[in-house]
Amino acid sequence: MIHEYDACLKCTVCEMHCPVLRVAPEFPGPKNGGPGLARLRAAGEVVELDHLDLCLGCRTCDTVCPSGIRPAELVNAPKVARVSRRGLPLREWVLTHTYLFGPLAVRMPGLVNGVLANGPIRWTMEKVLHIDRHKPMPKYANHSFREWFRRRRSPWQDRPAPNGRVVYFHGCSVQYMEPHIGRHVVEVLEHNGFEVVLPSQKCCGLPLIANGDLKSAAGNGRYNVQHLREWAAQGVPIVVSSTSCSLTLKHDYPGLLGLDGAGAVAEQVYDLFEFLMACHEQGLLRTDFRPIRERLPYHQPCHQRAQAIGLPAVELLNLIPGVEAWNLDAGCCGSAGTYGFKEEKYGVSMRVGQAMADALRATGASRAVSDCETCRWQIEYQAGMQAVHPVSVLWEAYGLGDRKGT
């Protein structure tokens with residue numbers, strides 16, 4: 001870390017691009033709160049900066065830093081130290097362990113969703129846990145994605161898939177809240193000649209990382225690496241439909257967490273549309289699309305931008321006859337995973353996301369597309385318009401929803 005923070009040029013590029021500083025000047029910023037604070041602590045100074053926890057964890061500062069350092073990790077370091085001493089506070093534990101509640105919630109989604117939408121209960125949650133009552137909680141589905149995957153019949157069940165196998169890391173939101181997206185991923189990949197493999201997996205750990213619990217995140221990461229490394233060793237691509245999960249597997253496992261074997265796994269990890277674009281460039285992607293007459297503004301998630309893979313979703317959506325897709329380029333949505341649910345950060349979250357919401361409404365489009373689940377939830381809440389994963393548009397264009405028995 002000494003070499004990293006010493007590389008800071010104090011150029012303030014990170015601060016010019018920080019979405020929080022634009023709306024909350026009390027935030028110390030990625031330069032002062034990151035390498036600046038690290039220098040002081042290394043010199044033996046006992047320094048605490050107020051409002052450092054206002055960091056979104058969007059990693060924009062990492063993306064734009066001309067020296068290639070990671071201010072976001074340095075900003076998060078005091079929180080990590082605090083959690084290592086005291087453990088996760090109750091609210092943070094609840095918000096980062098939804099994967100433990102998921103198996104029960106999908107058995108009784110009507111009850112769970114009703115409770116989480118109940119006004120008096122949300123008021124109580126705000127008073128007791130400081131989870132803001134205004135931000136809608138994500139809704140649980142009436143089945144898990146893996147249940148659907150076990151029930152369905154693969155077209156390549158009795159014969160080899162022409163393009164081989166692909167491992168799918170689906171993440172928590174697909175598993176318990178958006179299984180239809182997992183279905184669309186699987187059916188689009190199968191339509192393009194791939195057999196989809198679903199190894200055992202846990203939460204990628206990013207919510208834990210963002211809330212300072214690196215020890216628990218590393219435990220999840222070791223489990224995932226253990227179940228992915230055999231496929232990586234065989235050169236089987238690992239595709240991920242959540243940009244936050246793909247960033248975690250690619251960068252945090254081998255870098256921040258330093259997990260054994262994570263580097264070999266990371267080499268085979270692809271964001272879903274990164275993989276589909278590679279297929280298109282190799283002539284493997286089918287383009288038998290039905291026309292869709294629609295203008296589709298695309299919101300680029302911060303964690304997708306941090307992967308430096310361009311805008312593959314926009315490029316592929318524009319292959320569909322009649323589709324006009326473009327990158328909205330209106331900044332961070334402000335949701336940032338668990339961040340926007342916290343009472344003291346809800347207002348900052350909404351102010352950060354206002355430019356995006358205004359830009360989306362100004363398009364006059366009926367729906368938006370984004371690869372990140374919390375971005376889609378924020379779009380629907382703040383902009384008041386439907387938000388879908390880009391793979392769902394491909395699935396529609398392929399006509400896969402018309403197949404009997406689906």
Side-chain angles (χ1 to χ4, degrees), residues 1-43 45-86 88-89 92 95-96 205-218 244 247-248 251-252 255-258 301-303 305-307 331-342 344-349 351-352 374:
M1 286 303 234
I2 291 176
H3 296 298
E4 181 164 13
Y5 65 67
D6 276 343
C8 175
L9 303 173
K10 304 180 183 179
C11 64
T12 72
V13 169
C14 58
E15 306 216 330
M16 288 188 287
H17 288 83
C18 176
V20 177
L21 271 179
R22 284 199 290 268
V23 302
E26 66 271 24
F27 175 53
K31 178 176 74 70
N32 292 327
L37 180 60
R39 282 193 187 99
L40 291 174
R41 291 193 161 189
E45 306 254 2
V46 180
V47 180
E48 297 291 339
L49 294 181
D50 293 335
H51 308 296
L52 196 60
D53 278 358
L54 288 180
C55 173
L56 281 166
C58 66
R59 310 200 193 187
T60 298
C61 52
D62 294 357
T63 304
V64 302
C65 177
S67 298
I69 68 172
R70 299 180 296 277
E73 288 183 18
L74 297 170
V75 169
N76 203 39
K79 184 190 301 180
V80 171
R82 186 167 63 246
V83 170
S84 67
R85 294 193 306 268
R86 307 174 188 170
L88 271 178
E92 279 64 21
L95 290 174
T96 57
L206 183 59
L208 292 162
I209 292 172
N211 284 279
D213 191 356
L214 298 193
K215 180 179 179 181
S216 296
S244 294
L247 179 68
T248 305
H251 298 289
D252 291 344
L256 175 66
L257 301 178
C302 298
H303 290 166
R305 187 184 302 111
Q307 296 178 48
C332 179
C333 76
S335 180
T338 64
Y339 185 100
F341 293 95
K342 299 175 181 179
E344 74 280 10
K345 296 174 181 174
Y346 171 82
V348 174
S349 171
R351 293 196 297 275
V352 168
T374 57

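- Scanning both residues, L56 and C332, for their nearest heavy atoms gives CD1-SG, 3.9 Å.
- One finds the CZ atom of R305 at 12.5 Å from the CG atom of D62 (value rounded to the nearest 0.5 Å).
- Judged by distance alone, the side chains of D213 and T96 never bring a donor and an acceptor atom under 3.5 Å apart.
- Ionic pairing of D53 and R82 is present here: one or more N-O contacts between side-chain nitrogen and carboxylate oxygen are shorter than 4.0 angstrom.
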>> Between N211 and L88, is the side chain to side chain contact (heavy atoms under 4.5 Å, CB included) condition met? List the steps.
In response: CA-CA 8 Å; N211 284 279; L88 271 178; 4.1 Å; yes
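- Here the closest heavy-atom approach between residue T60 and residue C302 is recorded as OG1-SG, 4.3 Å.
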>> Under the criterion side chain to side chain contact (heavy atoms under 4.5 Å, CB included), I'd like the reasoning laid out for Y339 against V348: C-alpha separation, chi angles, the key distance, then a yes or no.
In response: CA-CA 9 Å; Y339 185 100; V348 174; 3.4 Å; yes
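- Taking the side chain as every heavy atom from C-beta outward, L206 and H303 approach each other to under 4.5 Å.
- To the nearest 0.5 Å, the span separating CZ on R351 from OH on Y346 amounts to 11.5 Å.
- Interatomic distance, L49 CG to L40 CG, rounded to the nearest 0.5 Å: 8.0 Å.
- Rounded to the nearest 0.5 Å, atoms CZ (R59) and CD (Q307) are 10.0 Å apart.
- With rounding to the nearest 0.5 angstrom, the CD1 atom of I209 is 5.5 Å from the CG atom of L256.
- In terms of heavy-atom proximity, C11 sits nearest to P66 at SG-CG, 3.8 Å.
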Counting only pairs under 3.5 Å, give me each side-chain donor-acceptor contact of residues 15-39, with atom names and distances, residues two or more places apart or in other chains.
| unit_1 | atom_1 | unit_2 | atom_2 | d |
| --- | --- | --- | --- | --- |
| E15 | OE2 | K31 | N | 3.3 |
| H17 | ND1 | V13 | O | 3.0 |
| R39 | NH2 | Y5 | O | 2.9 |
| R39 | NH2 | C8 | O | 3.3 |

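- A heavy-atom distance below 4.5 Å is not found between the side chains of C55 and K79.
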